[in-house]
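Have a look at the structure below before the remarks.
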Amino acid sequence: MAQQARIIDGKAVAAELRAGIAREVAALKAERGLVPGLHVVLVGEDPASKVYVASKEKLAVEVGMNSVAHRLPADTTEAQLLAKLAELNADDSVDGILVQLPLPKHIDTGRIIDAIDPAKDVDGLHPINAGLLAGGKNGLVPCTPLGSMLLLKQALPSLSGLEAVVIGRSELVGRPVAQLLLQADCTVTIAHSRTRDLPAVVKRADIVIAAVGRPRMVKGDWIKPGATVIDVGINRLPDGKLTGDVDFAEAVEVAGAITPVPGGVGPMTIACLLKNTLTAFHARRG
Ligand SMILES: Nc1nc2c(c(=O)[nH]1)N[C@@H](CN(C=O)c1ccc(C(=O)N[C@@H](CCC(=O)O)C(=O)O)cc1)CN2
């Protein structure tokens, strides 16, 4: 029987990361009397977004941060949301601002992200932060890509020279994770809906990052034996269960290491948001 892949435990890695952040926050409080502040803005009633925002609020409190969730009604206008962001940008006690996505359709997401102070953009989505990342410079990095890289580094001692295929070209995951892989000296391919012979492209990868949002699309026979597979997809099936973009049952028989869904990249997203809040705190307040 073939050996099964090592399962990369995102829940455990995220818990460890949060514990380190909690220690740093406690030291800041004790030594300087300062507490990092994270403000999350939710517009509307999207059920998944409500859960994620509640989780962000709770975990920020757990690490000792000042945590505020601004819950705005679904009919909030773009102008009202921009006014809220202007208020948070101007408030010196606010270190991190995140607007939960997706936003209701009547609001232009790009205009909202552009309005966040890049120094407080703990989602790393502002064009200034995206530009810094593309230039290989220090800025705030989107949380899911950052978490994916931390998990990858758990599985592989060195990424240098490895062939990485990212499936998906979103601004939230695909593009930034490709930049981070490039910074780690991988040879990077970004595959997408127009890519010809996707299974063959994936098959040459030492590292597969699946971020397409299509349940179990990546099959076991697409995976190169021994490859490391990071599954970013979080898809809710009709029976209510969560599944990734990778057919886990098949891929676990072929890969060298693989993240599960749930319990893989998802928990890292919020842990990295807290990490980014601390980074933003230090960049602004020393
Ligand atoms: N402004 C942003 N909006 C959204 C982001 C983001 O990074 N910034 N990412 C996603 C949602 N998200 C955080 O916002 C998120 C998704 C999933 C998880 C998570 O821990 N998932 C668990 C399963 C949870 C469950 O049972 O539903 C897991 O995978 O184990 C955390 C955060 C879209 N919006």
Side-chain angles (χ1 to χ4, degrees), residues 7-15 17-18 38-60 62 67 69-72 81 84-85 88 96-104 107 109-116 118 120-126 129-130 133 140-151 168 170-177 180 209-213 215 229-237 239-246 248 258-277 280:
I7 313 293
I8 305 167
D9 185 349
K11 238 172 137 174
V13 179
L17 182 57
R18 291 198 309 273
L38 171 64
H39 289 238
V40 177
V41 182
L42 170 66
V43 184
E45 302 291 331
D46 179 80
S49 293
K50 282 165 86 170
V51 173
Y52 297 140
V53 168
S55 199
K56 287 173 185 182
E57 197 181 10
K58 175 174 162 271
L59 292 173
E62 259 179 46
S67 166
H70 303 266
R71 293 180 172 84
L72 307 180
L81 182 53
K84 170 58 73 182
L85 293 176
L88 298 177
I97 302 170
L98 176 144
V99 176
Q100 187 64 29
L101 301 176
L103 282 167
I107 296 177
T109 302
R111 210 171 286 158
I112 295 304
I113 288 168
D114 287 359
I116 299 171
K120 299 185 179 187
D121 166 39
V122 282
D123 239 350
L125 297 176
H126 189 283
N129 284 315
L133 182 60
L140 289 162
V141 175
C143 307
T144 303
L146 190 55
S148 302
M149 292 302 290
L150 294 176
L151 292 184
S170 69
E171 285 176 39
L172 196 59
V173 183
R175 287 167 201 254
V177 84
L180 292 170
I209 312 276
V212 259
V229 179
I230 305 289
D231 190 352
V232 179
I234 298 178
N235 309 289
R236 178 104 27 212
L237 295 173
D239 66 2
K241 289 201 179 117
L242 286 183
T243 191
D245 292 348
V246 177
F248 184 87
I258 186 167
T259 58
V261 178
V265 174
M268 293 300 289
T269 296
I270 300 182
C272 287
L273 170 64
L274 304 174
K275 178 176 161 66
N276 278 351
T277 304

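In listed order, ligands and their atoms are each counted from 1.
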Quiz prompt | Main-chain N/O of Asp123 paired with Asn276 side-chain donor or acceptor, under 3.5 Å | solution =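 Such a contact is absent between Asn276 side chain and Asp123 backbone.
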
Quiz item: Would a distance-only check, ignoring hydrogens and angles, find a side-chain to backbone donor-acceptor pair under 3.5 Å from Asn235 to Thr243?
Solution: yes

Exercise. Measure across Gly213 and Asp245 and return the closest heavy-atom pair with its distance rounded to 0.1 Å.
Key: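 So the minimum-distance heavy-atom pair works out to N-OD2, 2.9 Å.
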
Exercise. Side-chain contact test, heavy atoms from C-beta onward, threshold under 4.5 Å: evaluate it for Leu88 versus Val41 and give yes or no.
Key: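 Yes, side chains in contact.
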
Quiz item: Are the side chains of His126 and Leu140 in touch, meaning some heavy atoms are under 4.5 Å apart?
Solution: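 Sidechains of Leu140 and His126: no contact.
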
Quiz item: Is Glu171 atom CD crowded by more than 12 heavy atoms from other residues, nucleotides or ligands, each under 6.0 Å away?
Solution: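 No, the 6.0 Å shell around CD holds no more than 12 heavy atoms from other groups.
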
List of N/O pairs, ligand 1 versus protein, all under 3.5 Å?
from     : atom 1 : to     : atom 2 : distance (Å)
ligand 1 : 1 (N)  : Val99  : O      : 2.9
ligand 1 : 1 (N)  : Asp123 : OD2    : 2.5
ligand 1 : 3 (N)  : Leu101 : N      : 3.1
ligand 1 : 8 (N)  : Asp123 : OD1    : 3.0
ligand 1 : 8 (N)  : Asp123 : OD2    : 3.2
ligand 1 : 14 (O) : Lys56  : NZ     : 2.6
ligand 1 : 14 (O) : Gln100 : NE2    : 3.0
ligand 1 : 20 (O) : Gly266 : O      : 3.3
ligand 1 : 20 (O) : Pro267 : N      : 3.4
ligand 1 : 27 (O) : Arg236 : NH2    : 3.2
ligand 1 : 30 (O) : Gly263 : N      : 2.6
ligand 1 : 34 (N) : Gln100 : NE2    : 3.3
ligand 1 : 34 (N) : Leu101 : O      : 3.0

